[in-house]
Visitor: 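To start, I am sharing the structure in question, which I have written as C-alpha cells.
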Amino acid sequence: MEPKFYDAISNLLGKDLVYLYEPSFNINIPKKNSNKKNYLFKDWHQEIWSGASISSVQIWTPFLQKNNSQGQIELMIDSHKWGFIPNRNRVPNELPKNFKTLKTDLEYKNIIIFSTLMLHRSLAANYPRLSLTAQIRNF
C-alpha cells in the first residue's frame, strides 16, 4: 500500500486495517435517444444502503474521463453526520431543505475517501465513465 495513503487511512481507522475484497469498477454509459432515467448514473444514496459497514470507508477514483469537471461524483457536505437516512428502494425519504454539496474535480490518480454514510451521487456525462470503488475497514 502506498505509504501516504496508508498514513491517511490509518489515522482515520487505526492500524488494524482490512481491505474488503469486493472492489468494483463502475462503468457509466450514457443512453442515447432515451427518455428513461439511466440506472448507471446513481442519484443521492449512502453506501450503507447496499450493505456496506458503518466501520468502513469508501474510496473512489476516476479512471476514464474527458475532463475533470464532468462525470465524477457530488457529495452532500456533512451528511455523514446525519446517520442512516431512511430510504425506499435506495431513494432518500426526505432530506433537509438546505444542504450544501461539493462536486469533485479529481484528476487521474487522485482518490477521495469518505464515510459509507455520506450521501453522494453520480454526475452525468455524455461519454462513458469508468471509476473504481473499494472499501477499507478496521476490525
Side-chain angles (χ1 to χ4, degrees):
M1 184 181 288
E2 177 69 31
K4 287 168 66 174
F5 179 69
Y6 176 77
D7 289 344
I9 293 292
S10 62
N11 285 338
L12 290 171
L13 298 176
K15 302 290 183 190
D16 190 17
L17 298 176
V18 174
Y19 175 77
L20 301 183
Y21 295 107
E22 288 112 18
S24 60
F25 277 107
N26 305 304
I27 185 160
N28 302 113
I29 302 171
K31 289 185 179 178
K32 304 284 184 198
N33 303 321
S34 175
N35 293 330
K36 293 182 180 179
K37 184 171 173 140
N38 190 339
Y39 178 77
L40 298 173
F41 289 93
K42 305 291 186 192
D43 208 348
W44 292 116
H45 66 283
Q46 293 177 309
E47 291 304 319
I48 200 161
W49 297 350
S50 300
S53 169
I54 195 166
S55 62
S56 298
V57 291
Q58 186 76 10
I59 302 165
W60 187 90
T61 186
F63 274 115
L64 176 66
Q65 60 188 41
K66 288 189 175 181
N67 60 49
N68 295 351
S69 62
Q70 267 193 340
Q72 295 196 10
I73 61 174
E74 184 174 15
L75 306 168
M76 196 174 292
I77 296 172
D78 289 335
S79 61
H80 64 288
K81 297 176 183 176
W82 305 339
F84 180 84
I85 304 295
N87 67 92
R88 182 175 183 121
N89 296 327
R90 297 184 183 162
V91 175
N93 288 346
E94 60 182 72
L95 293 173
K97 291 182 182 183
N98 297 316
F99 57 83
K100 293 182 181 179
T101 66
L102 172 69
K103 292 180 180 178
T104 60
D105 187 17
L106 303 177
E107 296 180 14
Y108 179 68
K109 295 186 181 181
N110 290 161
I111 63 171
I112 188 165
I113 302 167
F114 57 95
S115 166
T116 56
L117 291 171
M118 175 72 74
L119 282 160
H120 59 287
R121 68 179 174 182
S122 304
L123 293 174
N126 57 6
Y127 57 87
R129 174 184 89 138
L130 181 65
S131 62
L132 171 70
T133 60
Q135 293 178 19
I136 293 179
R137 71 176 181 185
N138 185 314
F139 277 119

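Every value quoted in this text rests on a predicted model; they were computed, and no experiment measured them. Quick note: numbers below take in every heavy atom, side chains included, and nothing from hydrogens, waters or symmetry partners. Residue numbers count from 1 along this sequence.
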Visitor: Would you please classify the geometry between the His120 ring and the His45 ring as parallel, tilted or perpendicular, with 30° and 60° separating the classes?
Guide: tilted
Visitor: Going by salt bridge (Lys or Arg N to Asp or Glu O under 4.0 Å), name the residues that satisfy it together with Lys81, two or more places apart in sequence or in a different chain.
Guide: Asp78
Visitor: Just how far is it from atom CG of Leu119 to atom OG1 of Thr101, taken to the nearest 0.5 Å?
Guide: 11.5 Å
Visitor: Just jot down the side-chain contact (heavy atoms from CB on, under 4.5 Å) partners of Ile77, sequence neighbours excluded, or say none.
Guide: Lys100, Leu102
Visitor: Any side-chain to backbone donor/acceptor pair from Gln72 onto Leu106? Under 3.5 Å, distance only.
Guide: yes
Visitor: Output all residues satisfying side-chain contact (heavy atoms from CB on, under 4.5 Å) with Asn93, sequence neighbours left out; order by chain, then residue number.
Guide: Pro86, Arg88
Visitor: What is the distance from atom CD1 of Ile73 to atom CD1 of Ile112, rounded to the nearest 0.5 Å?
Guide: 5.5 Å
Visitor: Measuring from Asn110:CG to Trp60:CH2, what's the distance to the nearest 0.5 Å?
Guide: 10.0 Å
Visitor: Are the side chain of Trp49 and the backbone N or O of Ile85 linked by a donor-acceptor pair below 3.5 Å?
Guide: yes
Visitor: CG/Leu123 to NZ/Lys103 distance, rounded to the nearest 0.5 angstrom?
Guide: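 If I round to the nearest 0.5 Å, the distance is 6.0 Å.
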Visitor: Not counting sequence neighbours, which residues clear side-chain hydrogen bond (donor to acceptor under 3.5 Å, both in side chains) with His80? List them please.
Guide: none
Visitor: Check whether Phe84 and Leu95 end up in the same hydrophobic cluster, where Ile, Leu, Val, Met, Phe, Trp and Tyr are linked by side-chain heavy atoms less than 4.5 Å apart.
Guide: yes
Visitor: Please report the interatomic distance CD(Gln46) to CZ(Phe114), rounded to the nearest 0.5 Å.
Guide: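 So the CD of Gln46 and the CZ of Phe114 are separated by 11.0 Å.
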Visitor: Which residues satisfy the side-chain hydrogen bond (donor to acceptor under 3.5 Å, both in side chains) test with Trp82, sequence neighbours excluded?
Guide: none
